[in-house]
Every structure is written in C-alpha cells, then in structure tokens.
Asker: 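Structure in structure tokens, see below.
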Amino acid sequence: MLQIYNSLTKQKEEFKPITPGKVTLYACGVTTYDFCHMGNARTLIAFDMVVRYLRYRGFDVKYVRNITDVDDKIIKRVNENREEYYAFVQRYIDIMHEDLKELGAIMPDEEPRATQFMPQIIYLIQRLFEKGYAYVGGNGDVFYDVRHFKNYGKLSCCDLDKMRSGARVETSENKKDPLDFVLWKLAKPNEPSWESPWGKGRPGWHIECSAMSMGTLGETIDIHGGGADLLFPHHENEIAQSESASSKPFVKTWMHAGYLQTNKTKMSKSSDNFFTIRDVLAYFSGEVARYFLLSGHYRSPLNYSEDALKQADQSLESLYIALRDITPTFMPSNTVFEKYFMEAMNDDFNTPQAFSVLFDIAHEINRLRDADMKTAQAHAALLKRLGGVLGLLQQEPSAFLQKTEGVSAGDIDKLIQERNQARAQKDWATADKIRDQLSTQGIVLEDKDGHTVWRKK
RNA sequence: GGCUGGGUGGCAGAAUGGUCAUGCAGCGGUUUGCAAAACCGUGUACGCCGGUUCGAUCCCGACCCCAGCCUCCA
C-alpha cells in the first residue's frame, strides 16, 4: 500500500487515484530567468523520482511540469540585458533542459508555458468575476478577494487575522485586504503584454498554474507539488482561485519537497548562497548529483556540501563495482530485496531506505559472484532494475568507473602492459613505480585473477 | 508576534518502545608480491530535564537550540 504525506491534511494517507490506475500529477517548475540551482534541482528530481516510482507500480501517470515565462524578474533581466524577450526565456529553458538531462530526469508529458495559456487564464479570471471573487483595484489591476473564500488558509494552516498581524504583509490602498493578490497586472511601458477585458497586461504569478493545471489535467487532479517555499502564498492562492472558479476540489494530494541547505540555511537565489546545477556538474557527474539529491528523504532538509557530493560519488562507485564484470540476466525469484525496496518506497518515497536495499543487493552480488555466478547475475539484474526506478545505475559500469580526464584509456592500457611485464619478471620496483605514476593521475589499478582492471579515483 | 518542521555515532542520513539501518571515512582480520576491490568483524549515536513504562533515542510535559514560512523563491 502506497502512502503519501499530504501537506493539506498534514498526514500520510493511502494513495488512491481518482481514476483507478491513472494518476494526474502537476509539478511546479521554474521561472526561467537564470540558471537552475541545486535547490531547484532537488524539487525537480524529487518529482521525477515520484513519477518513476508510480510508473514502476503500474500507474498510468500523466506528468505535467510548467514553465513560468512571464514574471517581473524575467522582465527586469530582459530589460537589463536589452535582449529580445522570447530569446532570453528560451535560452534559459534550453539550459534547464540540458541540466535536467544530465541529472537523468525524464521529460514531463506536457510542459506548458504561461504565455501559451493566456486565453485560459483570462477565461479563469472572468469566471472569478462572475462568482464575485475578483475585483478591479484602485490602480486598475485585478485582485482576488481572499475574504470571499471561506477556506482561505487551509493549506498553509493560517488564520487570516493572525497572518495580518505579522506586519510583513504589504498593505496597499489598491486592495481591499492586504492578503488579496494580483490576478491581472496592467502593463507599463516596455513590458510584454496581452489583451484582456481589463486592459493590456499580464497574469499574476498564481493564476497561471491554476489555468495550466486545470487546462492540462482537469479541474481536480491527484497530485500537485513543488518546493516547500510554494506552500504559501503560491499554492494557497492556487487553491483559492481554482476552487472558487470550479466549485470543485483542486487537488487531492499536495506534496512539498524540503529545502536544500548550505551551512544549515536554505539555499536560495536571494540569499546568494546557492550553487547552480552547472557548478556541481563541473566537478561531479549528473548521476552523482542525482544520487546526492535522493540520499535524503524528499521532505527533510538536505545539507549541500562538497563532502556530501564526494560521499555520494564513493557510494555510487561501490554500487557500480558490484555491477562490474557481470552480465545482468533474468530477475531472481524468491528474493526479499524487491519487497523491502517497495516497502521503503511505499512509505512516502523513503529513498534513503531504498538505497540501503540497493546496498544489500550489491553485497549479495559480491558474495555470490565466485560461488554462484548465475544467481549473482540475477541479482545484478535486480540491482539495475531497482536502481532504474530511482533513475540510477543505468550506465555501463565502465562508463562510470573509467571516466578519465587527461589520460587516455590507450595510454593506461599501455602502462598496464608494461607493468604486467615487470610483474612477470618479479620486478616489483618497476611495477610499483608505474602504479604510483597512474595513481598520481587519478587512476587506481586492481590486479585480479591474472588480469588488471583500472578505474578512476 | 502567528504558524511549520527539526535536533541521531567523525560526516551524510533512515527506522524504531526492548536484537542490525545504510553509506562514506576509521580500525582489526581474510585475500594480495605489495596494493586495490571484495568479504568477515568492529563503534558507550540518539539536545537538556522530568514523567509514563518491567524497559524510551522512539510516548507525554517543560526547557534550550536550529531551520523555515508569514515578502520574490523549488
């Protein structure tokens, strides 16, 4: 039984899709005005893992991840760069796609962009007017009237009046209530704009996701999620808009990924403590970065450090060593490993626990490979399959273990030959000298069963 | 001020009322020409103080500390 923690009810619930066997899932993507950082990657990879596991469990998942391509920050950057708007946005979309590919992410089935949903957005705002939830403010912008929606605050669990006492809520004479938020914002000069019944302008931040979620997946969907920082106000506002327009529940299960931290504080663009995906990929492979991101439970904070990445690299290496020089064959029967793996993942996607099962299988392969190659091969097949559910271990082991920089495989083989000639003559001094030489170049040699294999260190 | 999560061994990071997380690193052993890898073994970990209990890291209460949201944020 798959259990998922629902941010709306604050508890784990048995997951039952609205339509048996099918899952509609919407993940909030990124705003494309800069390189994605590892915090973005964490959330993106968390949902990637969720989709993969749901599919492994046999669900027919429709996976939608949006792109926010209208936004104040984008406009600001575009004007600073004096760049053409769509060219700027497209550049960062391409970069995001490249980065996510490196991290082994699957593509969503649909990737809607806010700018492609203007008619739906405008229609949604019209519906909100008809039902009395929208009004034109003092400055001509269109606002959502939170006072009208009695369930406002049900996700982020805040009392309207208490939130107001926080004093960090910006007041404005344009709004009826400080918490009211913009649905449609009138354009200023040099801003991209779209025609609407309320004048040329652009949508507010939250309305686009409501329009895209309902437009691509329906008015009530199974899973909607994003980073924990979207709980309020973004997701709260999405609920308000969507449910007051459709009079239906918007989302059954809300999922939120925990923060990636650096030095125990949240990694974010505004704090200037972030590392982009590319920063990490300059030193570690995408698979190592992915392993790291999944090495903590998706809802827990995860601490980013170079050391943590190194540990991920080492861990992944030992899994690949188990898969080295072995041909995965058929699935083994009667093993308890897959059962344990599923139990871990069924418990709100407990990837750290699932990892421990992967290591159990790796140990089993290493124990069996001399005594019972056939069973070892079967376990190798299982390890690769379960690793695949997490988007890991799909490379050839040699591709992971022998990724060299600076030294060519041909040169290494030549030196290994020389060394083995020396070894045959028991010229240990020469042999060790060659090994030390390779070692300084980051190459480790292993002598086994009369031949020598190498890997990067 | 309101609200949400946390505090686990050198590091990362899970579960759990009483026998093992797991990984990385370390140590001892087997193996090896020496190594490496692998295998076997190895650690007085659970913020502080009370309480419940035959027994608590895990339940309850107080306290301390940390992070986060309440403003753009994955």
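Letters go in sequence order (proteins before strands), and every chain restarts at 1.
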Asker: Contact class for A:Ser268 (heavy atom, under 4.0 Å): base, sugar-phosphate, or nothing?
Answerer: base
Asker: What's the gap between B:A56 and B:C48 when it is taken at their C1' atoms, as a whole Å value?
Answerer: 15 Å
Asker: Please work out if A:Asp447 contacts a base, only the sugar-phosphate, or nothing of the nucleic acid, heavy-atom cut-off 4.0 Å.
Answerer: base
Asker: The side chain of A:Thr43 is closest to which nucleotide in this list: B:A35, B:A37, B:A74?
Answerer: B:A74
Asker: Counting any heavy atom closer than 4.0 Å, what does A:Arg435 reach on the DNA or RNA strands: base, sugar-phosphate only, or nothing?
Answerer: base
Asker: Which nucleotide, if any, forms a Watson-Crick or G-U wobble pair with B:G61, using both distances under 3.5 Å?
Answerer: B:C49
Asker: For B:C24, which nucleotide is its Watson-Crick or G-U wobble mate, given both distances must be under 3.5 Å?
Answerer: B:G10
Asker: Name the pairing partner of B:U19, where a pair is Watson-Crick or G-U wobble with both distances under 3.5 Å, or state none.
Answerer: none
Asker: Under a 4.0 Å threshold between the charged nitrogen and the carboxylate oxygen, would A:Asp347 count as salt-bridged to A:Lys12?
Answerer: yes
Asker: According to a strict under-4.0 Å criterion, is A:Arg65 in side-chain N/O contact with OP1 or OP2 of B:A74?
Answerer: no
Asker: At under 4.0 Å between heavy atoms, what does A:Asp229 touch on the DNA or RNA strands: base, sugar-phosphate, or nothing?
Answerer: base
Asker: In Watson-Crick or G-U wobble terms, both distances under 3.5 Å, what is the partner of B:A56?
Answerer: none
Asker: From B:U22, B:C39, B:C34, pick the nucleotide closest to the side chain of A:Ser356?
Answerer: B:U22
Asker: Does one side chain, of A:Asp360 or A:Tyr340, offer a donor that lies under 3.5 Å from an acceptor on the other?
Answerer: no
Asker: Is there a Watson-Crick or G-U wobble partner for B:U4 with both distances under 3.5 Å, and which nucleotide is it?
Answerer: B:A67
Asker: Does A:His363 make a side-chain N or O approach to OP1 or OP2 of B:G23 shorter than 4.0 Å?
Answerer: yes
Asker: Out of B:A35, B:A74, B:C70, which nucleotide sits closest to the side chain of A:Leu230?
Answerer: B:A74
Asker: Nearest to the side chain of A:Glu446 - B:G23, B:G13, B:A37?
Answerer: B:A37
Asker: For the pair A:Arg455 and A:Glu317, find out whether any cationic side-chain nitrogen is under 4.0 Å from an anionic carboxylate oxygen.
Answerer: yes
Asker: Counting the atoms with a prime plus P, OP1 and OP2 as sugar-phosphate, which does A:Leu260 contact under 4.0 Å by heavy atoms, base, sugar-phosphate, or nothing?
Answerer: base
Asker: Check the side chains of A:Glu13 and A:Asn6 for a donor-acceptor pair under 3.5 angstrom, ignoring hydrogens and angles.
Answerer: yes
Asker: Closest approach to the side chain of A:Tyr291, judged atom by atom: which nucleotide of B:C69, B:C72, B:G23 is it?
Answerer: B:G23
Asker: Provide the distance between the two P atoms, one in B:A12 and one in B:G47, to the nearest whole Å.
Answerer: 15 Å
Asker: Which nucleotide, B:G13, B:A74, B:C39, lies nearest any side-chain atom of A:Cys28?
Answerer: B:A74
Asker: Think A:Asn350 has a side-chain N or O under 4.0 angstrom from the OP1 or OP2 of B:A14?
Answerer: no
Asker: Rounding to an integer number of angstrom, what distance separates B:C20 and B:G43 when you compare their C1' atoms?
Answerer: 13 Å
Asker: Do the side chain of A:Arg419 and the base of B:G33 come within less than 3.5 angstrom through a donor-acceptor pair of N or O atoms?
Answerer: yes
Asker: Identify which nucleotide among B:A74, B:C24, B:G13 has an atom closest to any side-chain atom of A:Ser315, counting heavy atoms from C-beta outward.
Answerer: B:C24
Asker: Using the C1' atoms only, state how far B:G17 lies from B:G10, rounded to an integer number of Å.
Answerer: 29 Å
Asker: Round to the nearest Å and state the distance from A:Asp307 atom CG to B:G10 atom C1'.
Answerer: 10 Å
Asker: Checking base pairs now: Watson-Crick or wobble, both atom distances under 3.5 Å. What partners B:C39?
Answerer: B:G29
Asker: Counting side-chain heavy atoms from CB outward, which of B:A67, B:C11, B:G33 is closest to A:Thr265?
Answerer: B:A67
Asker: Using the six-membered base ring of B:G33, report whether A:Trp428 stacks on it, requiring centroids under 5.5 Å and planes under 30° apart.
Answerer: yes
Asker: If I pick the C1' atom on B:C60 and the same atom on B:C66, what distance separates them, to the nearest angstrom?
Answerer: 23 Å
Asker: Base, sugar-phosphate, or nothing: which does A:Leu231 touch, judged by heavy atoms less than 4.0 Å apart?
Answerer: nothing
Asker: Just call it for A:Gly258: base, sugar-phosphate, or nothing, with non-hydrogen atoms closer than 4.0 Å on any strand.
Answerer: base
Asker: Using atom CZ of A:Phe341 as one end and atom C1' of B:U22 as the other, report the distance to the nearest whole Å.
Answerer: 14 Å
Asker: Assess whether a salt bridge exists between A:Glu343 and A:Lys339, defined as any Lys/Arg side-chain N lying under 4.0 Å from an Asp/Glu carboxylate O.
Answerer: yes
Asker: Quick one: label A:Gly226 by what it contacts on the DNA or RNA (base, sugar-phosphate, nothing), any heavy atom closer than 4.0 Å.
Answerer: sugar-phosphate
Asker: Please determine whether a side-chain nitrogen of the Lys or Arg among A:Asp141 and A:Lys175 lies less than 4.0 Å from a carboxylate oxygen of the Asp or Glu.
Answerer: no
Asker: When the C1' atoms of B:U53 and B:A67 are considered, how many whole Å apart are they?
Answerer: 33 Å
Asker: For nucleotides B:C39 and B:C54, find the distance between their C1' atoms and express it as a whole number of Å.
Answerer: 41 Å
Asker: Select base, sugar-phosphate, or nothing to describe what A:His37 touches, counting heavy atoms under 4.0 Å on all strands.
Answerer: base
Asker: Given B:C69, is OP1 or OP2 found less than 4.0 Å from the side-chain N or O atoms of A:Lys266?
Answerer: yes
Asker: With a 4.0 Å limit, can you tell me whether A:Gln314 has a side-chain N or O closer than that to the phosphate oxygens OP1/OP2 of B:A25?
Answerer: yes
Asker: Determine the contact category for A:Ser271: base if any of its heavy atoms lies under 4.0 Å from a base atom, sugar-phosphate if only primed atoms, P, OP1 or OP2 are that close, otherwise nothing.
Answerer: nothing
Asker: If a pair satisfies side-chain hydrogen bond (donor to acceptor under 3.5 Å, both in side chains) and one of its residues is in residues 392-401 of chain A, list it, with sequence neighbours excluded.
Answerer: A:Glu287-A:Gln395
Asker: Can a salt bridge be assigned to the pair A:Lys62 and A:Asp109 using a cut-off of 4.0 Å between side-chain N and carboxylate O?
Answerer: no
Asker: With respect to the side chain of A:Ser318, which nucleotide from B:A67, B:A38, B:G33 is positioned closest?
Answerer: B:A38
Asker: How far, in whole Å, is B:G50 from B:C72 if one measures between their C1' atoms?
Answerer: 45 Å
Asker: Can you figure out which of B:G23, B:C72, B:G33 approaches the side chain of A:Lys73 most closely?
Answerer: B:C72
Asker: Can you confirm if the NZ or CZ of A:Lys154 lies within 45° of the ring axis of A:Phe149 and under 6.0 Å from the centre of its six-membered ring?
Answerer: no
Asker: Nearest heavy atom decides the nucleotide; on that basis, is A:Lys310 or A:Arg324 closer to the 5' end of RNA chain B?
Answerer: A:Lys310
Asker: By nearest heavy atom, map A:His206 and A:Phe359 onto RNA chain B; which one lands nearer the 5' end?
Answerer: A:Phe359
Asker: Got a donor-acceptor pair under 3.5 Å from the side chain of A:Arg423 to the base of B:G33?
Answerer: yes
